[in-house]
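Structure first, commentary second.
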Amino acid sequence: MTEENFLTEQFEASRDHLRAVAYRMLGSRAEVDDAVQEAWLRVSRYDLSDIANLRGWLTTVVARICLDMLRARKSRREDPMGPHVPEPVDDTREREAEMADSVGAALLVVLETLQPAERLAFVLHDMFAVPFEEIAPIVGRSVDASRQLASRARRRVQGAPVPETDRTQQRRIVDAFLKASREGNFEGLLAVLDPDVVFRADQAAVRLGSLAEVRGAEAVAQLYKGRARTAHTALVDGELGAAVVLGGQLRIALRVTFVGERIGAIEAVADADDIATMEVEVLDGSDPDPLSRKQPHAQ
């Protein structure tokens, strides 16, 4: 059997599984077909000799494609037509798989309310048992942040929204962190950082002069001491974080993960393509020219 025939055979053997993943991500038969077809086009160009778990690898490929499609769908949703309504499944095998997983149209409607990254983390982990170590690189976040995405999605699916008191407390923490940073208040920074806090930056931020990774409260406090002068408390994809804004443009988004009442992780995202997929809303009014309205990306 040739390598091409082997790949075709393995892909076809996984097709129903891949369609099930895509359907739970997208809720549209046409988009499911597009996602699976795009996955085939991508994998047919890869050297698969070093891939031990082909089915798992194919799952991540389809998940990445679906995430891109969800983000594109979200950025287009500016007309008055209302939210996307999942289409019913008419394929017998998919209906059986859906019933077995207790997934129906009602759940798909709820999934439509989630942010793309939340939906992916929840679907892959809770429905297909994909470990967070594999989910994290797909959504471009740490393992802990990926767990939080799934947990947040799970609460929404179960009808338990994030308590407003938690959101208020998180904003106070971010406000205090940025204030201490601007003032060069080392002790103030330590007060809001978890002892095991981790700072990570993407390659674009590294090119701007950031360190790729810093661990520990003292090291992160030293990193931010006297900085954050153009950073503002913000909602980043619906969660408390910060935005570095220059001339009315979003330059760096800071995703923040909380551990209790302290900051447990900070991820700096400066890549223009990644920023273009984000929905960022600056919350404070200290900058005379901030991102003054909710917008999906820098203009």
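- Counting heavy atoms from C-beta on, the side chains of Leu193 and Phe177 come closer than 4.5 Å.
- Other residues, nucleotides and ligands contribute only 12 or fewer heavy atoms inside 6.0 Å of the CD atom of Glu218.
- With a 4.5 Å cut-off on side-chain heavy atoms, Phe122 and Leu149 do not count as touching.
- To the nearest 0.5 angstrom, Leu18 atom CG is 9.5 Å from Glu12 atom CD.
- Among the candidates Arg141, Arg255, Arg152, Arg171, the single residue satisfying the salt bridge (charged side-chain N to carboxylate O under 4.0 Å, His left out) test with Glu239 is Arg152.
- Within the structure, the salt bridge (Lys or Arg N to Asp or Glu O under 4.0 Å) test picks out the following pairs touching residues 199-216 (sequence neighbours left out): Arg200-Glu213, Glu213-Arg215.
- Judged by distance alone, with hydrogens and angles left aside, the side-chain atoms of Arg15 form no donor-acceptor pair with the main-chain N or O of Phe11 at under 3.5 Å.
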Hey, mind stepping through Asp144 and Gln148 against side-chain contact (heavy atoms from CB on, under 4.5 Å) and telling me if it holds? CA-CA 6 Å; Asp144 287 342; Gln148 283 202 347; 6.0 Å; no
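- Leu189 places a side-chain heavy atom less than 4.5 Å from the side chain of Lys225.
- Residues Val256 and Val198 fall into different hydrophobic clusters, defined by Ile, Leu, Val, Met, Phe, Trp and Tyr side chains chained together at heavy-atom separations under 4.5 Å.
- With a 4.5 Å cut-off on side-chain heavy atoms, Leu124 and Val21 count as touching.
- Using modelled atom types, one side-chain atom of Ser142 and one backbone atom of Ala145 make a donor-acceptor pair closer than 3.5 Å.
- Counting only heavy atoms from C-beta outward, the side chains of Ser151 and His125 never approach each other to under 4.5 Å.
- Transitive grouping of hydrophobic side chains (ILVMFWY, heavy atoms separated by less than 4.5 Å) brings Trp57 and Ile135 into a common cluster.
- Proximity of a side-chain donor or acceptor of Thr257 to a complementary backbone N or O of Gly264 within less than 3.5 Å is not detected.
- In this structure a side-chain-to-backbone donor-acceptor pair under 3.5 Å is present from Thr59 to Arg55.
- Rounding to the nearest 0.5 Å gives a distance of 4.0 Å between CG of Asp126 and CZ of Arg154.
- Proximity of a side-chain donor or acceptor of Glu134 to a complementary backbone N or O of Pro131 within less than 3.5 Å is not detected.
- For Asp175 and Lys179, the salt-bridge test fails: no basic side-chain N is under 4.0 Å from an acidic carboxylate O.
- Val214 and Val197 fall within a single hydrophobic cluster, where Ile, Leu, Val, Met, Phe, Trp and Tyr side chains are chained together by heavy-atom contacts under 4.5 Å.
- Here the closest non-hydrogen pair linking Ala231 and Arg182 is O-NH2, 2.6 Å.
- One finds the CD1 atom of Ile65 at 11.0 Å from the CD1 atom of Ile138 (value rounded to the nearest 0.5 Å).
- Of all heavy-atom pairs spanning Ala22 and Ala35, the tightest one is CB-CB, 4.4 Å.
- In terms of hydrophobic clustering, with Ile, Leu, Val, Met, Phe, Trp and Tyr side chains grouped at heavy-atom distances under 4.5 Å, Val62 and Phe128 are assigned to a common cluster.
- The side-chain heavy atoms of Asp34 and Leu26, taken from C-beta on, include no pair separated by under 4.5 Å.
- Of all heavy-atom pairs spanning Asp68 and Arg42, the tightest one is OD2-NH2, 4.4 Å.
- Taking each heavy atom of Phe199 and Leu211 in turn, the nearest pair found is CE2-O, 3.4 Å.
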List the steps, then state whether side-chain contact (heavy atoms from CB on, under 4.5 Å) holds for Phe258 with Gln169. CA-CA 10 Å; Phe258 297 91; Gln169 176 65 14; over 6 Å; no
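- In this structure, the side chains of Met25 and Leu120 come closer than 4.5 Å at one or more pairs of heavy atoms.
- Between Ser146 and Val139, the shortest heavy-atom contact is OG-CG2, 3.6 Å.
- Listed by chain and residue number, nothing satisfies the side-chain hydrogen bond (donor to acceptor under 3.5 Å, both in side chains) test with Ser44 (two or more places apart in sequence, or in another chain).
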Can you check side-chain contact (heavy atoms from CB on, under 4.5 Å) on Leu208 and Ile252, steps first, answer last? CA-CA 10 Å; Leu208 293 174; Ile252 302 174; 4.3 Å; yes
Is there a salt bridge (Lys or Arg N to Asp or Glu O under 4.0 Å) between Arg19 and Asp16 once you walk through the steps? CA-CA 5 Å; Arg19 285 180 57 81; Asp16 286 348; 5.4 Å; no
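- For the pair Leu240 and Leu235, the minimum side-chain heavy-atom distance is below 4.5 Å.
- Nearest heavy atom pair, residue Leu178 against residue Ala242, reads CD1-CB, 4.1 Å.
- Leu190 and Ile263 fall into different hydrophobic clusters, where Ile, Leu, Val, Met, Phe, Trp and Tyr are joined by side-chain heavy atoms under 4.5 Å apart, directly or via other members.
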